[in-house]
Protein chains: 2
Amino acid sequence: MNGNIILTPVGVLHCGLRNRSQVPRNYDISDVTGDIEIFPDYHEAMADIKPGQEIVVLYWFDRADRSALKVYPRGDRSRGLTGVFSTRSPMRPNPIAISEVEVLEVEPGRIKVKGVDALDGTPVLDIKKKV
Amino acid sequence: MNGNIILTPVGVLHCGLRNRSQVPRNYDISDVTGDIEIFPDYHEAMADIKPGQEIVVLYWFDRADRSALKVYPRGDRSRGLTGVFSTRSPMRPNPIAISEVEVLEVEPGRIKVKGVDALDGTPVLDIKKKV
């Protein structure tokens, strides 16, 4: 039960964000557009995604530091070090990010979205309906 | 970039839900309480979690079918098969569940919560602040 878990990305994000300073702090303040490429093995799973929907995307932040257990939230040192489980920092033992984006267009194997807050090339683990 | 990703659970859920028929369909309709045990390596990361907060929990649904790409949402066949990326079904290639729970009590290595919608023994991958 405490053993390792193996995930396989279902897709990858393509967008213009190439370095961290360009990435909006969160999806709710992002107007950045991008394309989510869904790998062929998973095309069937995207069958009912339609333009105009808001969808939840789980990214794997592959370039995040997984060793930090406390961070300065938003880089603000005035509030002191905070346990990562009380933050949305990308730094955490399993850097899975929850994002919400608007679907602009859907093509086979590709979902064009708005509200991107992740670097170009970020692996996509899952997509869900909003609650 | 398309290679496998290895996760290590940061904790495990303890609760009275032992079979699927007992599990509420979603956290927003659950009054079930449970204990999230955080493993010793990650205790420091839970430092600032306090009673009364709502927190986001990412579970690993270790007993979910990872092969299904289309499902009948909520078991309702009248709406037809739907791509899993348009649902909240536990069945999906990477069965990571997003849940929101209320913190009732905090002890070293243990968070007592309300709003549980997962089986006893479910691995916990991450905890985050709500947006």
Side-chain angles (χ1 to χ4, degrees), chain A residues 1-12 26-28 38-39 41-50 53 55-58 60 62 66 68-71 73 80-89 92-98 100 111 121-131, chain B residues 1-12 26-28 38-39 41-50 53 55-58 60 62 66 68-71 73 80-89 92-98 100 111 121-131:
Chain A
M1 193 64 76
N2 305 349
N4 287 333
I5 290 166
I6 296 176
L7 305 189
T8 304
V10 299
V12 62
N26 206 44
Y27 60 83
D28 53 351
I38 301 292
F39 299 141
D41 284 354
Y42 307 103
H43 282 187
E44 211 184 327
M46 61 176 279
D48 297 283
I49 295 177
K50 302 274 188 294
Q53 291 174 342
I55 56 176
V56 178
V57 180
L58 296 183
W60 178 251
D62 56 334
R66 298 179 67 171
L69 297 178
K70 292 196 171 188
V71 295
L81 279 166
T82 303
V84 292
F85 293 160
S86 291
T87 76
R88 306 277 294 193
S89 169
R92 48 189 60 249
N94 293 311
I96 300 166
I98 305 171
E100 294 181 11
I111 307 167
T122 296
V124 173
L125 298 177
D126 194 17
I127 296 174
K128 292 182 196 297
K129 185 175 77 164
K130 274 188 75 171
V131 169
Chain B
M1 193 63 73
N2 305 349
N4 287 333
I5 290 166
I6 296 176
L7 305 190
T8 304
V10 298
V12 62
N26 206 44
Y27 61 84
D28 53 351
I38 301 293
F39 299 141
D41 284 354
Y42 307 102
H43 282 188
E44 210 184 327
M46 59 176 280
D48 298 282
I49 295 178
K50 302 274 187 295
Q53 292 175 342
I55 56 176
V56 178
V57 180
L58 295 184
W60 178 250
D62 56 334
R66 298 179 67 171
L69 297 178
K70 291 196 172 188
V71 296
L81 280 167
T82 303
V84 291
F85 293 160
S86 292
T87 77
R88 304 279 293 194
S89 169
R92 51 190 57 251
N94 293 310
I96 301 166
I98 304 171
E100 293 181 11
I111 307 166
T122 296
V124 173
L125 299 177
D126 194 16
I127 296 176
K128 293 181 196 296
K129 186 174 78 164
K130 276 187 72 172
V131 170

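Chain letters run A, B, ... following the sequence lines, proteins first, then strands; residues in each count from 1. Predicted, not measured: the structure shown is a model, and the values here were computed from it.
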(message) Among A/Asp41, A/Val56, A/Thr87, which residue has the highest count of heavy-atom pairs closer than 4.5 Å to chain B?
(response)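 Most heavy-atom pairs within the cutoff with chain B belong to A/Thr87.
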(message) At a heavy-atom distance under 4.5 Å, which candidate from A/Lys129, A/Gln53, A/His43 has the highest pair count against chain B?
(response)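 Maximum pair count with chain B is reached by A/Lys129.
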With a 4.5 angstrom heavy-atom cut-off, which part of [X] approaches chain A: side chain, backbone, both or neither?
X	result
B/Ile38	side chain
B/Leu58	side chain
B/Asp28	side chain
B/Asn26	side chain
B/Thr82	both

(request) Take A/Leu125 and B/Arg92 through the test side-chain contact (heavy atoms from CB on, under 4.5 Å) and record every step on the way to the result. (result) CA-CA 10 Å; A/Leu125 298 177; B/Arg92 51 190 57 251; over 6 Å; no
Say you draw a straight line from [atom1] of [X] to [atom2] of [Y]; how long is it, rounded to the nearest 0.5 Å?
X	Y	atom1	atom2	value
A/Ile127	B/Ser86	CD1	OG	8.5 Å
B/Phe85	A/Ile49	CZ	CD1	7.0 Å
A/Leu7	B/Arg66	CG	CZ	6.0 Å
B/Ile96	A/Lys128	CD1	NZ	7.0 Å

(request) May I ask you to name which of B/Leu81, B/Ile55, B/Val131 has the most heavy-atom pairs under 4.5 Å with chain A? (result)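 Maximum pair count with chain A is reached by B/Val131.
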(message) Taking B/Thr8's backbone N and O only, do any of them form a donor-acceptor pair with A/Asn94's side chain (distance below 3.5 Å, no angle check)?
(response)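 Answer holds: yes.
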(request) Please identify each residue that fulfils side chain to side chain donor-acceptor pair (under 3.5 Å) with A/Lys50, with sequence neighbours left out. (result)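 Result, side chain to side chain donor-acceptor pair (under 3.5 Å) vs A/Lys50: none returned.
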(message) Need one label for A/Val71: side chain, backbone, both or neither, based on atoms under 4.5 Å from any heavy atom in chain B.
(response)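 Nothing of A/Val71, per the 4.5 Å heavy-atom cut-off to chain B.
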